[in-house]
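Worksheet: one structure, shown below.
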Amino acid sequence: MVRTIELDDDLAERMDGHLEEDETIEEFIEELVSIYEQEGRFLQEGA
């Protein structure tokens, strides 16, 4: 399943400034989620 996420223009520009060469915003978001998961921020008790 594919989901569409709308980003504010300012946020999209900020994200563009952090992209590595040839990296997409989708790949950047995947990396952010992975970092949060590794730090345990998305983990919930009993899950």
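Partners of Ile5 by side-chain contact (heavy atoms from CB on, under 4.5 Å), not counting sequence neighbours, listed by chain and number: Leu7. For Asp10, the side-chain contact (heavy atoms from CB on, under 4.5 Å) test picks out Asp8, with sequence neighbours left out.
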Scan the side chains in residues 13-21 for donor-acceptor partners under 3.5 Å anywhere in the protein, sequence neighbours excluded, and list what turns up.
none

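In this structure, the side chain of Gln38 does not engage the main chain of Ile35 through any donor-acceptor pair within 3.5 Å.
Residue Ile29 holds its CD1 atom at 11.5 Å from CD of Glu31, rounded to the nearest 0.5 Å.
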